[in-house]
Amino acid sequence: MAPTLALVGATGAVGTVMIDIINGRDTVPWGEIRLIASARSAGKRIPVRGTEHTVVELTPEAFDGVDIAMFDVPDEISAEWAPIAAERGAIVVDNSGAFRMDDQVPLVVPEVNANQLADRANFPKGIIANPNCTTLSMMAALGALHREFQLTELVVASYQAASGAGQGGIDRLYAELEAVAGKGLGARAGDVRAAVEAAGLSLADTPFAGTPLALNVVPSAGSHKGDGWFSEELKVRNESRKILGIPDLRVSATCVRVPVVTTHSLAVHATFAREVTVEAAHKVFTAQASIVLMDDPEGGVFPTPADVVGGDPTYVGRVRQALDFPNTLDFFVCGDNLRKGAALNTYEVAEQLAPRLS
């Protein structure tokens, strides 16, 4: 019998992308697809693969008969409800940060460590975690290089889209862009601030560290965790170590929010134990089905968010030998943070689990 799939958070930003992904598949392995959301969204009807599905309320009984439950909800909702779903017999694939660093919960990127899905003993809690969107945006590329050259050190600067802060981040950026458009603003920071506040947008309420994002970049992503570090930066470090299986990997990250709606970009400086060349890296990237190499800087060919948004692959360009650093490559990565960075990876994990449950 084909397994039953549940999507928890079906009406949210990532849940909506998840449904788009399911609708775009040529075939799916599911006998039933169940949409679950809060009481506020229960009763909505959403088309999935040509059939309207009624959203049901998040309750313990909603998981009866479910084989795999994908969670696209805030951390606190996952922390409460993922164990309940697992107790009712579902394998949970969770897109929140609630379980990522739990030693009994694997953190899976199918291109890198799909072996974690082969044995139920690897996820004794019945939960599999999806990495943070920033980490995921570079992981297919890093995993492929690590297999060939053995990664030893990683320095990353991220340029993160407003959608990484949720729907509120998207709405806020659009409102700020409207507030400053056509204002002929000068170079002073106060001009942008004044235009935003004049439009009735309080900077105290912005999700971007109390500063405008329009015509600006903000070196703050996530919450401050002390000693100058923000949560997004620590996630890059801790999650990269866990996914790649390198507990002593040296990692440093600086995460920056930029006025882009969707698609994260990262400048990666990666050092390896073995000699690596640009030519060898190109071969590794082109051999990976989920990577698109766009690397002709002289011809103006390199990935940008505007070019790759809505795409499933990881896009890589600006590959070059690092000056003054042996066995080191610098390259630029773009990935749609709502697709591969969230919904797509979660769904790919569920797809790989499905044959084991049929």
Side-chain angles (χ1 to χ4, degrees), residues 17 111 133-146 148-149 151 154-164 169-170 173-174 176-177 180-182 184-185 187 192 213-219 221 236 253-272 276-342 344:
V17 174
E111 299 98 321
C133 52
T134 312
T135 308
L136 261 173
S137 296
M138 65 177 176
M139 197 46 60
L142 278 178
L145 291 172
H146 173 58
E148 294 293 327
F149 308 110
L151 183 68
L154 179 64
V155 180
V156 178
S158 73
Y159 310 93
Q160 297 179 214
S163 56
I170 297 173
L173 177 58
Y174 278 133
E176 290 185 1
L177 290 172
V180 302
L185 301 177
V192 176
L213 186 61
L215 305 183
N216 202 14
V217 297
V218 183
V236 169
T254 299
C255 292
V256 180
R257 195 74 68 183
V258 297
V260 168
V261 177
T262 302
T263 294
H264 289 351
S265 304
L266 299 95
V268 179
H269 177 92
T271 299
F272 301 90
V276 59
T277 64
V278 172
E279 182 181 12
H282 276 186
K283 289 181 180 178
V284 168
F285 291 144
T286 54
Q288 183 76 36
S290 62
I291 294 175
V292 174
L293 184 65
M294 302 175 63
D295 197 20
D296 178 15
E298 186 175 357
V301 177
F302 38 72
T304 73
D307 295 321
V308 309
V309 63
D312 289 342
T314 296
Y315 296 79
V316 180
R318 295 294 318 280
V319 185
R320 58 206 187 276
Q321 198 85 42
L323 300 175
D324 305 323
F325 295 89
N327 300 339
T328 300
L329 290 177
D330 289 312
F331 56 93
F332 192 71
V333 181
C334 288
D336 186 317
N337 55 295
L338 298 182
R339 292 187 71 86
K340 182 56 178 176
L344 179 63

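Shown here for Val316 and Ala141, the closest heavy-atom pair between the two residues is CG2-CB, 4.1 Å. Among all heavy-atom pairs drawn from Ser158 and Thr134, the shortest one is CB-CG2, 3.9 Å. Across all non-hydrogen atoms, the minimal contact from Leu145 to Phe331 is CD1-CE2, 3.7 Å. Looking at every heavy atom in both residues, Asp330 comes nearest to Ala322 through OD2-CB, 3.4 Å. Shown here for Leu136 and Ala342, the closest heavy-atom pair between the two residues is CD1-N, 4.3 Å. Contact record, Pro303 with Val308: CB-CG1, 4.3 Å, taken as the closest heavy-atom pair.
The backbone N or O of Ala161 sits less than 3.5 Å from a side-chain atom of His264, completing a donor-acceptor pair. At distances below 3.5 Å, at least one donor-acceptor pair connects side-chain atoms of Asp336 with backbone N or O atoms of Gly310. Using a distance-only test at 3.5 Å, with no hydrogens or angles considered, a donor-acceptor pair links the side chain of Thr328 to the main chain of Pro326. Side chain of Ser163 to backbone of Val261: a donor-acceptor contact under 3.5 angstrom is found.
For residues 288-302, every residue pair satisfying the side chain to side chain donor-acceptor pair (under 3.5 Å) rule, not counting sequence neighbours, is listed here: Glu111-Ser290, Arg147-Gln288, His282-Asp295. Here ring pair (Phe, Tyr, Trp, His ring centres under 6.0 Å) pairs that include residues 295-326, with residues two or more places apart or in two chains, are His269-Phe325.
Side chains of Thr262 and Asn337 form a contact here, defined as non-hydrogen atoms less than 4.5 Å apart. Counting heavy atoms from C-beta outward, Val284 and Val276 have side chains that stay 4.5 Å or more apart. Side-chain contact between Asn216 and Val192 is absent, with no heavy atoms from C-beta onward closer than 4.5 Å.
Remark: Thr277 OG1 to Arg320 CZ distance equals 15.5 Å, nearest 0.5 Å. Going from atom OG1 of Thr263 over to atom CG of Leu338 covers 8.0 Å, rounded to the nearest 0.5 Å. In this structure, the separation between CG on Leu154 and NE2 on His146 is 11.5 Å, given to the nearest 0.5 Å.
Using cut-offs of 30° and 60° for the angle between ring planes, the Phe149 and Phe272 rings count as perpendicular.
Around atom CZ of Arg318, no more than 12 heavy atoms belonging to other residues, nucleotides or ligands sit under 6.0 Å away.
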Checklist line | Verdict with supporting geometry, Asp312 and Lys340, side chain to side chain contact (heavy atoms under 4.5 Å, CB included) | finding: CA-CA 6 Å; Asp312 289 342; Lys340 182 56 178 176; 5.9 Å; no
